[in-house]
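The structure appears right after this line, and notes come after that.
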Amino acid sequence: MTMNSTDFLTRLRQAEADTGLHQQQLGITRVYEHPHAATHATGHTSGHLSGEEILVKDLHQVRGEVTTFGSEHQARTAVEDDSATTALLSTGATLVGASSTSEFGVMAYTEPVGQLAPINPVHPGMTPGGSSGGAAVAVSRGLVNIAHATDGGGSIRIPAACCGLPGLKPAHDPTYGGFTSTAHGFLAADLETTARAYDLPISDLAQRTSASPNKNPLRIGYTNTPFHSTSQVDPAIAAATAAVTALLTGNPAVEGVRQAPAPYPVGFFKNFATYLHKRCAPLPAPLSPLPQWLKEQGLSAPTAQVEQSVEKILALGPRVLQAWPDFDVIATPTLACAPPAPGTFSALPPRLDFLAQTAWTPWGTLWNMTGWASLTVPLVRPEQVPGRWPISLLLGAVSDRISPSELLALGQAAQTAAAALPPEGLSLAAPGNLDSLSFQPTPTPSAHEH
């Protein structure tokens with residue numbers, strides 16, 4: 001069925017005229033000439049997103065459309081819809097185009113090969129993050145209310161945080177296919193639209209008060225100590241996220257906030273790195289430097305080492321529950337510093353690029369390894385701090401002790417609490433300085449690297 005995408009195209013062409021930017025700089029890899037939607041015998045679509053115009057991340061195949069996987073060298077025309085596209089169509093959504101992503105989705109920034117990189121509408125001097133960076137930019141610019149996104153290590157939550165949006169990584173089954181870190185989901189304009197995208201209610205947290213017969217008030221753990229690196233964190237981000245989390249104690253649904261201990265030693269992250277390397281081993285040439293390095297690491301990784309790493313990851317949930325027996329949700333910063341300038345990561349040698357991304361995002365991957373739900377929320381709306389980057393708070397479920405609907409409600413509560421603070425103190429004006437994170441390894445006394 002041929003459909004009319006006038007509304008989406010009108011917004012896109014108006015944005016191009018207003019900004020002087022190319023559609024790729026607005027987060028759109030391509031516009032589908034004939035939008036796609038599931039139809040039934042009645043001629044009408046059905047589902048909770050019926051008629052909603054949605055972008056598909058440019059890692060997924062829509063029948064008859066070109067997918068580039070973040071590189072023009074990899075462009076191919078899809079013969080059939082893939083499973084992600086089929087799931088999107090089942091919601092009743094109208095698929096109007098593809099959003100920009102990083103090459104094969106393996107970077108936390110979005111600089112597609114052979115394409116113009118999307119420009120962050122919050123601050124053009126800051127990366128919009130990745131790998132769902134185009135989706136975040138398009139939503140932030142109001143081109144669509146909802147865009148498809150995936151999160152295999154933070155790829156929904158990182159660009160959401162960079163572009164001043166909420167971002168929910170839904171709970172997923174990490175044992176699928178042996179182990180998978182990836183959840184499919186959405187980026188949306190606000191928490192209410194996020195809830196609609198996932199077909200979730202936003203729970204009434206009043207049901208978690210001490211007077212409730214079946215639920216206990218929320219026990220929140222907070223930390224700004226990185227889980228996956230020994231690097232530094234911007235003091236302003238640490239202070240803002242700690243202050244807002246502390247203010248949540250004024251909510252009757254919150255029992256209290258306490259310091260959360262480390263869930264595991266920093267070295268545990270090597271298991272996820274090994275898994276990621278192996279996942280990149282089959283990537284086809286030609287590749288840019290970082291994916292090529294990841295591929296080479298994966299090809300050289302012994303099979304026994306990979307299997308042991310996956311076994312350790314699959315056993316992680318019970319281990320984290322032992323570390324956090326008295327917490328329902330963990331709060332951390334989303335990013336360790338403000339988004340750095342575009343090109344900052346990719347200018348580094350591949351190994352340092354990978355270490356820098358880990359230091360910049362040293363918390364969120366825990367929820368990919370465990371499969372638990374996790375939400376990032378900006379502490380202030382971008383329009384309240386024009387030209388500044390809104391600091392974001394990461395809220396992660398501890399198993400199923402808090403539902404995704406309650407997580408969304410807690411995100412609302414955090415934003416309400418933050419409104420009591422000066423917005424400038426919840427935002428930063430300058431792009432992040434990766435050197436301030438002290439992410440580069442230093443030689444040990446024995447001159448060996450670990």
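Gln412 and Glu192 share a donor-acceptor pair across their side chains, judged by distance under 3.5 Å alone. Donor-acceptor pairing under 3.5 Å is lacking for the side chains of Asn271 and Tyr264. Between the side chains of Ser181 and Asn368, no donor-acceptor pair is found at a separation under 3.5 Å. Between the side chains of Gln115 and Thr68, at least one donor-acceptor pair of N or O atoms lies under 3.5 Å. A donor atom on one side chain and an acceptor atom on the other are not found under 3.5 Å apart for Asn145 and Thr193. For the residue pair Glu111 / Ser346, a side-chain donor-acceptor distance below 3.5 Å is found, with atom types taken as modelled. Between the side chains of Lys169 and Ser374, no donor-acceptor pair of N or O atoms lies under 3.5 Å.
Between Ile146 and Val139 the shortest side-chain heavy-atom distance does not fall below 4.5 Å. In this structure the side chain of Pro112 reaches within 4.5 angstrom of the side chain of Thr110, judged on heavy atoms. Side-chain contact check for Leu55 versus Phe8: some heavy-atom pair is nearer than 4.5 Å. Within the 4.5 Å cutoff, side-chain heavy atoms of Leu143 are placed close to those of Ile28. Between Leu287 and Cys280 the shortest side-chain heavy-atom distance does not fall below 4.5 Å. In this structure, the side chains of Glu311 and Phe179 stay at 4.5 Å or more apart for every pair of heavy atoms. Between Lys295 and His277 the shortest side-chain heavy-atom distance does not fall below 4.5 Å. Two residues are said to be in side-chain contact when any heavy atoms from C-beta on lie closer than 4.5 Å; Tyr32 and Val96 fail this criterion.
When all heavy atoms of Ala260 and Trp324 are compared, the pair lying nearest together is CB-NE1, 4.1 Å. In this structure, Leu187 and Ala135 approach most closely via the heavy-atom pair CD1-CB, 3.9 Å. Nearest heavy-atom pair, Pro333 versus Leu394, reported as atom, atom and distance to 0.1 Å: O-CB, 3.8 Å. Of all heavy-atom pairs spanning Gly411 and Leu375, the tightest one is CA-CD2, 4.0 Å. Contact record, Met107 with Ser288: CE-OG, 4.1 Å, taken as the closest heavy-atom pair. Of all heavy-atom pairs between Trp363 and Ala336, the closest is CZ3-N, 3.8 Å.
Here the straight-line distance linking atom CG of Leu95 with atom CG of Leu89 works out to 4.5 Å at 0.5 Å rounding. Taking OG1 from Thr241 and CG from Asp234, the interatomic distance works out to 10.0 Å, rounded to the nearest 0.5 Å. Taken from OG in Ser71 to CG in Asp58, the straight-line distance is 10.0 Å, to the nearest 0.5 Å. The structure places CZ of Arg381 at 8.5 Å from CD of Gln415, a figure rounded to the nearest 0.5 Å. In this structure, NE2 on His36 lies 3.5 Å from CD on Glu65, to the nearest 0.5 angstrom. Remark: Ser405 OG to Leu205 CG distance equals 10.5 Å, nearest 0.5 Å.
For the pair Asn120 (side chain) and Cys162 (backbone), a donor-acceptor distance under 3.5 Å is present. The backbone N or O of Ile402 sits nowhere less than 3.5 Å from a side-chain atom of Asp328 that would complete a donor-acceptor pair. Checked by atom type and distance alone, the side chain of Ser50 never pairs as donor or acceptor with a backbone atom of Gly47 at under 3.5 Å. Checking side-chain atoms of Trp389 against main-chain N and O of Ala161 turns up a donor-acceptor pair under 3.5 Å. Side chain of Glu103 to backbone of Gly70: no donor-acceptor contact under 3.5 angstrom is found. Counting only distance, with no hydrogens or angles, the side chain of Ser90 and the backbone of Ala87 share a donor-acceptor pair below 3.5 Å. A donor-acceptor distance shorter than 3.5 angstrom exists from the side chain of Gln24 to the backbone of Leu116, with no hydrogens or angles considered. For Ser403 (side chain) and Glu406 (main-chain N/O), a donor-acceptor pair under 3.5 Å exists by modelled atom type. The closest donor-acceptor contact from the side chain of Ser300 to the backbone of Glu296 lies under 3.5 Å. A donor-acceptor pair under 3.5 Å is absent between the side-chain atoms of Thr77 and the main chain of Gly64, judged by distance alone.
In this structure, Phe345 has its ring center closer than 6.0 angstrom to the ring center of Trp360. Aromatic ring centres of Trp372 and His172 lie farther apart than the 6.0 Å criterion allows. The six-membered or imidazole ring of Phe69 lies away from that of His60, with a centre-to-centre distance of 6.0 Å or more.
A 6.0 Å sphere centred on CZ of Arg13 holds more than 12 heavy atoms belonging to other residues, nucleotides or ligands.
Relative orientation of the Phe272 and Tyr275 rings is tilted, given thresholds of 30° and 60° on the angle between their planes. Taking the six-membered ring where the residue is Trp, His184 and His148 present parallel rings, their angle staying beneath 30° rather than reaching 60°. The aromatic rings of Trp293 and Phe354 are tilted relative to each other, their planes meeting at an angle between 30° and 60°.
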- Task: For the pair Phe269 and Thr274, evaluate side chain to side chain contact (heavy atoms under 4.5 Å, CB included) and give the outcome as yes or no after the intermediate values.
- Result: CA-CA 9 Å; Phe269 187 72; Thr274 298; over 6 Å; no
- Residues Gln23, Leu12; criterion side chain to side chain contact (heavy atoms under 4.5 Å, CB included); working and verdict: CA-CA 7 Å; Gln23 68 178 37; Leu12 175 59; 3.9 Å; yes
- Task: Starting from the C-alpha separation in whole Å, work towards a yes-or-no answer on side chain to side chain contact (heavy atoms under 4.5 Å, CB included) for Ile119 and Arg141.
- Result: CA-CA 10 Å; Ile119 295 175; Arg141 291 188 181 276; 4.0 Å; yes
- Query: Could you go step by step and tell me if Val31 and Leu9 meet the side chain to side chain contact (heavy atoms under 4.5 Å, CB included) rule?
  - Reply: CA-CA 8 Å; Val31 176; Leu9 280 177; 3.6 Å; yes
- Message: As a quick check of understanding, evaluate side-chain hydrogen bond (donor to acceptor under 3.5 Å, both in side chains) for Thr334 and Thr376, giving each step before the final call.
- Response: CA-CA 7 Å; Thr334 306; Thr376 182; 2.8 Å; yes
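Contact check on Arg11 versus Glu53 returns a salt bridge, with a Lys/Arg side-chain nitrogen under 4.0 Å from an Asp/Glu carboxylate oxygen.
With respect to Lys57, the side chain to side chain donor-acceptor pair (under 3.5 Å) criterion is satisfied by exactly one of Ser155, Ser131, Ser99: Ser131.
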